[in-house]
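Values reported hereafter were calculated over all heavy atoms of this structure, with side chains retained and with hydrogens, waters and symmetry mates removed. Bear in mind the structure is a predicted one, so any value in this text is a computation, not a measurement. Each chain gets a letter, A, B and so on, in the order its sequence line appears, and its residues count up from 1.
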2 protein chains.
Amino acid sequence: MSRRSDHSREEIREMALAAAETIASEQGYTGLSARKVASAIGYTVGTLYLVFDNLDDLILQVNGRTLDHLHAQMVKEQNQHQDARERLLQLGHTYIRFADEDPHRWEMIFEHHLPEDHETPKWFLEKVARMFLLVETGLEPLAKQHSPQEITQAARALWGGVHGICILAVTRKLDVVGVDSVQDLSQSLMDNYLRGFTGH
Amino acid sequence: MSRRSDHSREEIREMALAAAETIASEQGYTGLSARKVASAIGYTVGTLYLVFDNLDDLILQVNGRTLDHLHAQMVKEQNQHQDARERLLQLGHTYIRFADEDPHRWEMIFEHHLPEDHETPKWFLEKVARMFLLVETGLEPLAKQHSPQEITQAARALWGGVHGICILAVTRKLDVVGVDSVQDLSQSLMDNYLRGFTGH
DNA sequence: AAAATAATTGAACATCGTTCATAATGCAAG
DNA sequence: CTTGCATTATGAACGATGTTCAATTATTTT
């Protein structure tokens, strides 16, 4: 039964991305397959390849959406605070909470790798950079006495630091249990780093 | 040609681990397959399953060896210093240098996941804990005024932090190029954190 | 020399990503 | 209303994956 115009390309694309998101969220990166996505939206494998270059492309799109979602949430929750310091700390909080609430979806951003000869498309790198810029902007008002380069460096260190705690915790390599412990760890990292960086 | 006693179980095991290490190092986690390992040591797939439970088991063994190697290297290079602070900083240095020199082998430790119903064996978790203990022990002399819990917390934050910078750099999500920049970032993280933690 | 035991094989199975000739459908022209 | 064309979707096919296990071969024992 080959249908036509039941759904537009754009609709199929949207359905596939949503289905992939669900599957990845429930079964993790390794549980995601082209056939599963296809059957979840009532189409066959071949159709997916009319809409995406390949599975890597599809996953990259899903990850892009996840980054968008995360970014929006971070902006939103950051804006619930006035104090510059609390705004910055909130970024870490939101990041960790998302990773805890949807670990598979969050992990897929970092577990997925393109084949070595292909380089990550610019639109994706920009989404990553946009996220990092949030930290840099949040740090700025706290570091008026530092040069832009120093602030960039500090933002990288901070984001990397929070991310590292997060990933080691999610993959159970830090011997901590519960989100709260991870939040405490991240808080400790940011607290002490900021105290050192700004000199109180 | 089915041979017998050409190699003992233990020898085959050793050969397979060495071969897997090489393949993983050269082609990365996704380039590693049972058939490749088998043919690299002149046996067939079936033989591997007489020696390992499955591929996950094999990979776990390889990762265990990598952790051993990394741990030994960190201990060795740490002991080139007397000053407690430099000893601690050296740990981060060595960690990052190893990740840079053999990224595939290092990444595999963190990319590999057991199926969700299986939990990581204790012997592996102990190797991870042993690595973390190195940081904790290195931190101790610098934090005499802190409680053991605080030191443990700080060690987790520090290791997580360095690891995060490292993984984001290796997967090109930090927009930095060259090992030296990563070393600088890590150094900045530790410097400022320690300044905050110890109060100069 | 024959029988028992142990070691190794490799074909078989289900699943994977990917391709593409084929079939089915909707639409426009006659 | 039929015919033909262009579009859309299919699913069988290919090579690769992890894993199993009856069958085969080599060694040891009787």
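For C:dT18, the OP1/OP2 oxygens have a side-chain nitrogen or oxygen of A:Y49 closer than 4.0 Å. The phosphate of C:dA6 has neither OP1 nor OP2 within less than 4.0 Å of any side-chain N or O from B:R9. In this model, the phosphate group of D:dT10 is approached by a side-chain N or O of A:T47 to a distance below 4.0 Å at OP1 or OP2.
If you take CG of B:L58 and C1' of D:dT17, they are 15 Å apart, rounded to a whole angstrom. As a whole-Å value, the separation of B:M15 CE from C:dT8 P is 10 Å. Atom CZ in A:F52 sits roughly 14 Å away from atom P in D:dA9 (whole-Å rounding). When rounded to the nearest whole Å, the span between CG of B:L48 and C1' of D:dT20 equals 14 Å. One can place CG of B:L50 at 8 Å from C1' of C:dA7, the figure rounded to the nearest angstrom. Atoms CG (A:D53) and C1' (C:dT19) sit 14 Å apart, rounded to a whole Å. When rounded to the nearest whole Å, the span between CG of A:D57 and C1' of C:dT18 equals 14 Å. Put simply, NZ on A:K36 is 14 Å from C1' on C:dG17, counting in whole angstrom units.
In this structure, the side chain of B:D100 does not engage the main chain of B:I96 through any donor-acceptor pair within 3.5 Å.
Relative to the side chain of A:L55, the nucleotides C:dT8, D:dG11, C:dG17 differ in distance, and C:dG17 lies closest.
Residues B:I59 and B:L70 do not share a hydrophobic cluster, defined by chaining ILVMFWY side chains whose heavy atoms lie under 4.5 Å apart. In terms of hydrophobic clustering, with Ile, Leu, Val, Met, Phe, Trp and Tyr side chains grouped at heavy-atom distances under 4.5 Å, B:F110 and B:L158 are assigned to a common cluster. Side-chain heavy atoms closer than 4.5 Å link hydrophobic residues (I, L, V, M, F, W, Y) into clusters, and following such links, even through other members, never connects A:L133 to B:I165.
Of the residues in residues 26-35 of chain A, those with a non-hydrogen atom less than 4.0 angstrom from any atom of DNA chain C are A:L32, A:S33, A:A34, A:R35.
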side-chain hydrogen bond (donor to acceptor under 3.5 Å, both in side chains) between A:E77 and A:T94, intermediate numbers included: CA-CA 7 Å; A:E77 298 188 12; A:T94 308; 3.0 Å; yes
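The side chain to side chain donor-acceptor pair (under 3.5 Å) analysis of residues 156-182 of chain B, with sequence neighbours excluded, yields the pairs B:Y95-B:H163.
Nearest-nucleotide positions on DNA chain D for A:V45 and B:G46 put A:V45 closer to the 5' end.
Residues passing the ring-ring contact (aromatic ring centres under 6.0 Å, His included) test with A:F197, sequence neighbours excluded: A:H146, A:Y193.
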